[in-house]
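Have a look at the structure below, then the notes.
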Amino acid sequence: MKRLITSTLLLSLVSFSISSCKNEPKIDKDDLLGRWEIREAYRNEKKSEDLMGLFFEFFGDGKMLTNMSGATTESQYELKKQTLMQRGGDMDADYEITSLNDTNLVLVTTLREYNFRFVLGKSIQIN
């Protein structure tokens, strides 16, 4: 009986783990490409106007531009699951992508002991 209960619990745990993995949204690098401009910014869950004008621009070759540090700088980026890793340039940072679709991108990160949430909109390029 003890073995049956243990087996049932183990099977339930494995099933739950597998179903949890399936619920993670898949981030496609192509969906990230382009320029994203800030719509709302939150520092420690309080709306912040200080970050208005913030942007991120992603290119297919793994390069990105951002003015996160105040000046526009180029750095490299990489995607691993829902984590956007910015390397080089003025700073290294990891952002969790909590939402991404054709028009909206939400990034969450901790920088200098502050928790940030950036709600960005896709910029429409007019040629």
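In what follows, residues are counted from 1 in the order of the sequence shown.
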### Task
State plainly whether the residues Arg35 and Glu37 are in salt-bridge range, i.e. N to O under 4.0 Å.
yes

### Ionic contact status for Asp94 with Arg87, cut-off 4.0 Å
yes

### Query
Could you give the distance from CG (Asp61) to CD (Gln76), rounded to the nearest 0.5 Å?
7.0 Å

### Message
Let me confirm one number: the CZ-CG distance from Arg43 to Asp50, rounded to the nearest 0.5 Å.
### Response
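So the gap between those two atoms works out to 5.0 Å.
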
Closest non-hydrogen atom pair between [X] and [Y], with its separation:
| X | Y | value |
| --- | --- | --- |
| Leu33 | Gly60 | CD2-N, 3.5 Å |
| Asn67 | Gly53 | ND2-O, 2.9 Å |
| Ser69 | Asp90 | OG-OD2, 2.9 Å |
| Leu84 | Leu32 | CD1-CD2, 4.0 Å |

Using side-chain heavy atoms (C-beta onward) and a distance below 4.5 Å, is [X] in contact with [Y]?
| X | Y | result |
| --- | --- | --- |
| Asn104 | Leu120 | no |
| Met64 | Glu74 | no |
| Leu54 | Met68 | yes |
| Glu40 | Lys47 | yes |
| Gln86 | Thr66 | yes |
| Phe59 | Leu65 | yes |
| Phe116 | Val108 | no |
| Ile38 | Phe55 | no |

### Message
For Phe56 and Tyr95, take the angle between the two ring planes, folded into 0 to 90°, and tell me which bin it lands in: parallel under 30, tilted 30 to 60, perpendicular over 60.
### Response
perpendicular

### Message
For a side chain to side chain contact (heavy atoms under 4.5 Å, CB included) check, start with the C-alpha distance between Asp28 and Leu100, then their side-chain angles and the critical distance, and finish with the verdict.
### Response
CA-CA 9 Å; Asp28 186 340; Leu100 174 61; over 6 Å; no

### Message
Working note: Val106 + Arg117, criterion side chain to side chain contact (heavy atoms under 4.5 Å, CB included); need CA distance, chi angles, decisive distance, verdict.
### Response
CA-CA 7 Å; Val106 180; Arg117 181 166 45 102; 3.9 Å; yes

### Query
Step by step, would you call Thr110 with Asn115 a side-chain hydrogen bond (donor to acceptor under 3.5 Å, both in side chains)?
CA-CA 4 Å; Thr110 301; Asn115 297 316; 2.8 Å; yes

### Query
So, is the end of the Lys29 side chain (NZ or CZ) under 6.0 Å from the ring centre of Phe58 and within 45° of the ring's axis?
no

### Query
Can Tyr114 be reached from Tyr42 by stepping across I, L, V, M, F, W or Y side chains whose heavy atoms are under 4.5 Å apart?
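Different clusters.
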
### Query
Are Met52 and Phe118 linked, directly or through other ILVMFWY residues, by side chains that come within less than 4.5 angstrom of each other?
yes

### Message
Strictly distance-based, threshold 3.5 Å: is any side-chain N or O of Asp92 a donor or acceptor partner for the main-chain N or O of Gly88?
### Response
yes

### Task
Just do the side chain to side chain contact (heavy atoms under 4.5 Å, CB included) check on Lys81 and Thr83 with the steps written out, would you?
CA-CA 6 Å; Lys81 296 188 180 182; Thr83 302; 5.7 Å; no

